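Report on one structure; see the data block that follows.
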Amino acid sequence: MENMDSFDVLVIGGGPAGLTASIYTSRADLDTVVLDKGENKLSKADVIENYFGFDEPLSGSELLDRGKKQSKRFGTEIMDLEALSISIEGESYVVETVEGSFRGEGLILATGIQQKKPRVENLSDFEGKGVSYCVVCDGPLFRDKKCGVLGSRDYGVKEALKLHEYTENVFLLTDGKEVDADERLVRELDEKGIEVITEEVTRVFGDQLLNGAVVGGEEFDLDGLFIAIGTSGTLDFALELGIDIEDGFIQTEKDLSTGLPRLYAAGDCTGGERQISLAVGEGTEAALNLIKDLKGEIKQDWG
Ligand SMILES: Cc1cc2nc3c(=O)[nH]c(=O)nc-3n(C[C@H](O)[C@H](O)[C@H](O)COP(=O)(O)OP(=O)(O)OC[C@H]3O[C@@H](n4cnc5c(N)ncnc54)[C@H](O)[C@@H]3O)c2cc1C
């Protein structure tokens with residue numbers, strides 16, 4: 001095949017999970033490339049204050065830049081490229097991009113989650129200014145404030161219930177749909193008194209910060225709007241490779257293996273709480289296990 005670069009390890013995704021994995025594999029002298037399509041949502045976070053080791057808050061983009069520099073220092077190649085497809089050729093994985101193919105003996109999927117974006121006017125103008133995609137991350141910033149969660153399925157209902165721990169003033173906005181979620185979750189929604197509004201959400205508005213959304217043609221005041229309309233992405237690869245998926249997330253064993261040889265998944269794409277520290281932990285675990293597969297030994301990474 002033309003224009004094929006070979007590496008020991010291919011990592012798809014340059015977020016906390018993928019970058020951490022690459023730090024470990026590169027330090028273990030495995031030639032590693034990280035392919036990242038450059039749309040990391042963490043870069044929209046102005047303030048990260050719950051990640052260990054930073055006594056002062058830092059922004060998501062600074063954290064990512066530092067991670068990239070750190071990984072490059074050990075020899076990782078980081079390329080701004082979208083992985084378009086993955087195939088298995090002999091004992092290797094081959095990832096196609098618009099600029100050619102990459103062959104690797106081992107592969108780590110760290111593609112995060114891709115939130116489906118609703119068609120709500122002005123939404124991106126208020127991201128990080130009242131519009132959020134993660135209750136665990138930003139819920140505490142909206143304590144006792146009036147908030148909406150945009151979603152109608154399990155994920156949306158779960159986010160609304162989680163948000164209720166910070167404020168009782170929560171509305172589930174289903175954007176023209178009926179609630180289609182697990183009975184137990186719907187009951188809990190009812191018990192907590194979370195009102196469901198089924199009208200369409202067409203626009204958000206505000207000045208510097210979000211002031212509200214247009215719901216069913218009427219202005220509806222809100223301090224925060226959490227988008228939780230489901231997950232997508234990552235799955236194409238899982239489907240291509242025949243890896244198990246459930247509820248949109250890659251299913252792994254405890255050691256983060258996927259059932260295919262030398263193929264691991266790490267970070268948000270495996271489900272669970274979305275936190276940098278958890279993604280970093282999974283990136284570490286996946287990398288250490290892949291190093292063991294490729295080098296036949298456990299490399300204790302004490303430096
Ligand atoms: C606004 C915001 C604020 C947050 N604040 C916090 C916080 O304060 N504290 C905290 O702990 N967590 C926070 N989080 C959650 C945290 O960002 C995630 O849990 C973490 O980034 C997950 O890391 P990851 O590496 O698994 O995935 P990601 O960081 O999502 O990285 C995945 C990467 O893969 C790339 N990718 C996907 N598909 C492809 C492809 N086909 N080809 C190439 N590249 C691809 C994406 O572009 C992305 O760069 C926040 C999230 C958001 C959105």
Side-chain angles (χ1 to χ4, degrees), residues 10-23 33-54 56-65 67-68 71 77-86 95-99 101-102 107-115 117 123-124 126-142 159 224-228 231-241 249-250 252 256 264-287:
L10 308 178
V11 178
I12 306 184
L19 290 172
T20 301
S22 69
I23 289 167
V33 65
V34 174
L35 304 175
D36 187 75
K37 68 178 179 185
E39 292 166 13
N40 198 302
K41 293 193 193 71
L42 180 58
S43 62
K44 293 210 165 124
D46 288 338
V47 180
I48 308 286
E49 53 185 11
N50 58 358
Y51 186 56
F52 174 82
F54 292 90
E56 293 294 329
L58 81 171
S59 70
S61 56
E62 190 185 346
L63 189 63
L64 288 168
D65 282 350
K68 281 182 193 160
S71 190
E77 274 198 52
I78 300 179
M79 310 197 69
D80 295 338
L81 280 176
E82 178 171 0
L84 298 173
S85 69
I86 307 172
V95 175
E96 306 281 342
T97 74
V98 285
E99 292 189 14
S101 310
F102 296 80
L107 176 64
I108 295 177
L109 290 174
T111 41
I113 54 145
Q114 216 178 324
Q115 296 278 0
K117 274 208 175 181
L123 200 64
S124 48
F126 293 97
E127 282 172 348
K129 296 170 185 156
V131 170
S132 169
Y133 292 86
C134 170
V135 169
V136 172
C137 309
D138 294 337
L141 306 175
F142 292 87
E159 290 282 279
L225 180 64
F226 288 79
I227 311 301
T231 58
S232 66
T234 301
L235 304 181
D236 301 332
F237 298 144
L239 291 169
E240 254 173 2
L241 293 164
F249 297 106
I250 296 178
T252 63
L256 301 173
Y264 292 83
D268 281 4
C269 65
T270 66
E273 296 292 357
R274 290 167 203 160
Q275 289 293 283
I276 298 163
S277 50
L278 294 175
V280 163
E282 288 201 355
T284 306
E285 172 89 40

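Just so you know, these numbers come straight off a predicted model, no measurement behind them. Just so you know, ligand 1 is whichever comes first in the structure, and atom 1 is the first atom listed for that ligand.
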**Request:** Would you indicate which of K44, K37, E282, E49 comes nearest to atom 43 (C) of ligand 1 when only heavy atoms are counted?
**Result:**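 Ranked by closest heavy atom to atom 43 (C) of ligand 1, first place is K37.
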**Residue selection (non-hydrogen contact nearest atom 23 (O) of ligand 1) among G15, P57, P16** =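 When every heavy atom of G15, P57, P16 is considered, P16 comes closest to atom 23 (O) of ligand 1.
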Suppose I only count heavy atoms of [X] and a 4.0 Å limit; which atoms of ligand 1 are within that range?
| X | value |
| --- | --- |
| G112 | 27 (O), 30 (O), 32 (C) |
| G14 | 33 (C), 34 (O) |
| D268 | 18 (C), 19 (O), 20 (C), 22 (C), 26 (O) |
| A279 | 22 (C), 23 (O), 26 (O) |
| A45 | 3 (C) |
| I276 | 9 (N), 10 (C), 11 (O), 12 (N), 16 (C), 19 (O) |
| G267 | 26 (O) |
| A110 | 32 (C), 33 (C), 34 (O) |

Is [X] close to ligand 1, meaning an N/O of one under 3.5 Å from an N/O of the other?
| X | value |
| --- | --- |
| Q275 | yes |
| D138 | no |
| I113 | no |
| D36 | yes |
| A17 | yes |
| A83 | yes |

**Prompt:** How about I86 and L241: do any of their side-chain heavy atoms sit closer than 4.5 Å?
**Reply:**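 In contact.
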**Asked** Taking C-beta and beyond as the side chain, do F102 and V33 meet within less than 4.5 Å on heavy atoms?
**Response**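 A side-chain contact under 4.5 Å exists here.
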**Prompt:** Take atom NZ in K68; do more than 12 heavy atoms of anything else shown fall under 6.0 Å from it?
**Reply:**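 Buried by this count: over 12 neighbours within 6.0 Å.
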**Prompt:** So, does E282 use its side chain to make a donor-acceptor pair with the main chain of G267 at under 3.5 Å?
**Reply:**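 Checking the backbone N and O of G267 against the side chain of E282, a donor-acceptor pair under 3.5 Å is found.
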Atom of [X], atom of [Y] and distance for their closest heavy-atom approach:
| X | Y | result |
| --- | --- | --- |
| I250 | A265 | CG2-CB, 3.9 Å |
| G112 | D268 | CA-CB, 3.8 Å |
| A17 | A110 | CB-CB, 4.0 Å |
| A21 | I108 | CB-CD1, 3.8 Å |
| P16 | L42 | CG-CD2, 3.8 Å |

**Asked** Does a side chain donor of either T270 or T252 reach within less than 3.5 Å of an acceptor in the other side chain?
**Response**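 There is no such pair (donor and acceptor under 3.5 Å, judged by atom type) between the side chains of T270 and T252.
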**Asked** Which is it for I12 and ligand 1 at heavy atoms under 4.0 Å: side chain, backbone, both or neither?
**Response**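 For I12, only side-chain atoms sit under 4.0 Å from ligand 1.
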**Asked** Any idea which part of N50 is under 4.0 Å from ligand 1, heavy-atom wise: side chain, backbone, both or neither?
**Response**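 Under 4.0 Å from ligand 1, N50 contributes side-chain atoms alone.
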**Request:** Could you establish whether L81 and ligand 1 come within less than 4.0 Å of each other, counting only heavy atoms on the residue side?
**Result:**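 Yes, that is the case, since the closest heavy atom of the residue is under 4.0 Å from the ligand.
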**Asked** For E49, what residues pass the salt bridge (Lys or Arg N to Asp or Glu O under 4.0 Å) criterion, not counting sequence neighbours?
**Response**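 Salt bridge (Lys or Arg N to Asp or Glu O under 4.0 Å) list for E49, sorted by chain: empty.
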**Message:** Using the side-chain hydrogen bond (donor to acceptor under 3.5 Å, both in side chains) criterion, which residues pair with N40? Sequence neighbours excluded.
**Reply:**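 Expected list: none.
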